Amino acid sequence: MKKNFYRTATFISIVALLSLASCQKEEGGKVLFTGSIERATVDGKTSIQIDNATNEGMVVWESGDQVAIYDQGVSYTLEAIPTGDKTTADFTGDANPSGGPYYAIYPASIASGSESITLPAEQNCTDGTHFTAPMYAYSTTSKLVFKNLCGVLQLNLPAVNKTISSIELTTPNNICGDFAVDYNDGDPKLNCTANGGHKLTLNCGEQGMDCSNGLTFYIYLPADDYTEMTFDIEATDRSYCRKHFEDTDNPITIARNTYYPTSLSNLSFIAPAQLVDGEAFSRVMMFRHDMRNLVFECKSTRPASPNGLLSNGTTPIYYTTEGTTMIVYTPAAWMDANQNCANMFFQTFGGNVEQIDFGTGFNTANVITMFNMFAGCTNLTSLDISGFNTANVANMSYMFSNCQNLGSLNLSNLNLQSVTTMAGMFYRCGLQTLNLSGATTTSALNNATEMFNYCENLSGTLDLTGIELSTINYWEKFGIFSNTATKGQLTVLCTLNTNNDLIVHSSEYGLAGNNHIELQVVE
């Protein structure tokens, strides 16, 4: 169901008289119910159309709108057929009404039971289309009156030369997750029951929404007093603005079936932060032997640190410590890694680093070399780089070498299309399990020598079906499995070409006499 909003329109009270008639089920999915919406003083419930003559909003149903009906323990989904001026609709579908009582939820997608719903953590907003407001109806007959379950926060943005890609609203209140519906004699209430969420994201589509003339958003929220709200606004150029409201004495009161207008002013956007190159970063981190954990933090509200900056651009990057944890942080939404990440975490904290948390804003899209990136992190016990964008990385040689306490690593998400060398990538790594399934190289790969040399703990299955070695020059893939899997049984999944190549040159690749490695061709 669409919501067409026009910023120039002045919305006033909306009257939607509901006339409901019970109908018997007929062959061919004929009319089963009719439905409309309670009188409202809120901008928007199902779909808003604007009367250009009066600039007034009118609530309408749209063809195909789906409602979930619960009837004596049986549930079914019906579709709306608008009637008249579309403020009422007939509902059809495959059902056999029992005579009531009936519970109805709109939209059907949020229904999780006859008296329970799930409010989504995302609302999709493109120009003229907004999230569908949840409604609820209860009746002892088939005459249903749909009532709004939420109120609306009308968020106005001033004119700014930006294209908005998303807005995140964060508040201590439960605004998404699972809720129980209390009909409350016709004045429904929502009570969060599980999975309470405090963050709601408005997605503005792939192209974003032009804010040069200002924008208005409609955010559907459970009725409550909101003493604290934070709006994180991100533009398509990845610049970012944060606006915060906090007032315990004068909260924003969202009432069911009403709307609360609020405006943000003086929007100041921060450009993405740019990290220094790997060598410069490593020099700062190498000699802090007292540290054990490294955390990257974007959108940080920490005060500016007196410690040296790690920024290579105008947006600052700071670092500070908390106990044995070092925090690298920036007020920007994104922290862009340098094109050259060679040796970036080489012997971080003198090799004593145990955990590295990259958070949600660490961006590697522009990185070209990751040579030796985590080399020498001998105490690193776990590593999650599932958020890494490696589409432009050419050099991954010795990337994890000498990570002797790293027990497992999942690289199944890595894009290896530009990689030219993986030489010694896991040299002397303590890995017991390694997931490379889905990681696929191209003809650009020309060096894989000593790739798994001295990986003595590898066991289980190693999927190399996406790593094509047969086209690499002989000397550039020498000793791939030397001193590998001497303690456990390792099954290597590979292509027919790679299998034949490894068998022919088994002595050079470290396979001769190694009964712990079995090659298995996957077609």
Side-chain angles (χ1 to χ4, degrees), residues 1-5 14-40 42-50 57-120 122-126 128-150 179 181 183 188 218 220 257:
M1 180 172 286
K2 296 180 179 178
K3 292 179 178 56
N4 299 311
F5 293 91
I14 300 170
V15 178
L17 298 177
L18 304 185
S19 175
L20 300 164
S22 174
C23 304
Q24 295 296 322
K25 182 178 186 297
E26 302 177 21
E27 294 297 326
K30 300 298 183 180
V31 175
L32 299 171
F33 295 88
T34 60
S36 51
I37 306 160
E38 69 177 325
R39 179 183 176 91
V42 60
D43 288 344
K45 290 175 291 299
T46 54
S47 178
I48 290 291
Q49 289 189 352
I50 303 302
M58 179 178 66
V59 178
V60 298
W61 290 101
E62 291 189 351
S63 296
D65 286 343
Q66 293 187 333
V67 297
I69 304 290
Y70 293 85
D71 175 12
Q72 300 290 319
V74 178
S75 64
Y76 40 87
T77 299
L78 301 182
E79 290 193 354
I81 301 176
T83 60
D85 61 0
K86 297 185 179 181
T87 59
T88 60
D90 295 333
F91 292 96
T92 67
D94 185 12
N96 187 17
S98 68
Y102 302 109
Y103 303 85
I105 295 172
Y106 172 82
S109 60
I110 68 169
S112 54
S114 61
E115 297 175 272
S116 58
I117 64 170
T118 299
L119 293 180
E122 293 189 4
Q123 297 180 8
N124 293 323
C125 304
T126 55
T129 303
H130 292 254
F131 172 68
T132 301
M135 297 191 297
Y136 186 81
Y138 167 79
S139 179
T140 55
T141 72
S142 60
K143 296 181 178 181
L144 304 173
V145 177
F146 284 89
K147 297 177 179 288
N148 286 297
L149 290 173
C150 294
F179 290 81
V181 181
Y183 190 65
Y218 293 82
Y220 296 89
N257 210 38

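Model, not experiment: these values are computed from the prediction.
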Please find the pair of heavy atoms, one from [X] and one from [Y], that lie closest to each other, and give the distance.
{"X": "Y136", "Y": "S114", "answer": "OH-O, 3.2 Å"}
{"X": "P134", "Y": "P107", "answer": "CA-CD, 4.2 Å"}
{"X": "Y102", "Y": "T141", "answer": "CD1-O, 2.9 Å"}
{"X": "A89", "Y": "A80", "answer": "CB-CB, 4.1 Å"}

First locate atom [atom1] of [X], then atom [atom2] of [Y], and finally report the distance between them rounded to the nearest 0.5 Å.
{"X": "L32", "Y": "Y76", "atom1": "CG", "atom2": "OH", "answer": "7.0 Å"}
{"X": "M135", "Y": "I110", "atom1": "CE", "atom2": "CD1", "answer": "9.5 Å"}
{"X": "I69", "Y": "Y106", "atom1": "CD1", "atom2": "OH", "answer": "13.0 Å"}
{"X": "D90", "Y": "T83", "atom1": "CG", "atom2": "OG1", "answer": "5.0 Å"}
{"X": "L78", "Y": "T92", "atom1": "CG", "atom2": "OG1", "answer": "7.0 Å"}
{"X": "N148", "Y": "Y220", "atom1": "CG", "atom2": "OH", "answer": "8.0 Å"}

Tell me, please, which residues at least two apart from S112 pass side chain to side chain donor-acceptor pair (under 3.5 Å).
S116
Applying side chain to side chain donor-acceptor pair (under 3.5 Å), name anything that partners S98, two or more places apart in sequence or on another chain.
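Once residues adjacent in sequence are excluded, the partners of S98 under the side chain to side chain donor-acceptor pair (under 3.5 Å) criterion are D71.
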Name all residues meeting the ring pair (Phe, Tyr, Trp, His ring centres under 6.0 Å) criterion together with Y138; count only those two or more places apart in sequence or in a different chain, and write none if there are none.
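Expected list: Y103, Y183.
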Taking C-beta and beyond as the side chain, do F146 and V67 meet within less than 4.5 Å on heavy atoms?
yes
Would the distance check show the side chain of E79 and the main-chain N or O of F91 forming a donor-acceptor pair, the cut-off being under 3.5 Å?
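Not at all, since once roles are kept as given, no pair shorter than 3.5 Å links the two residues.
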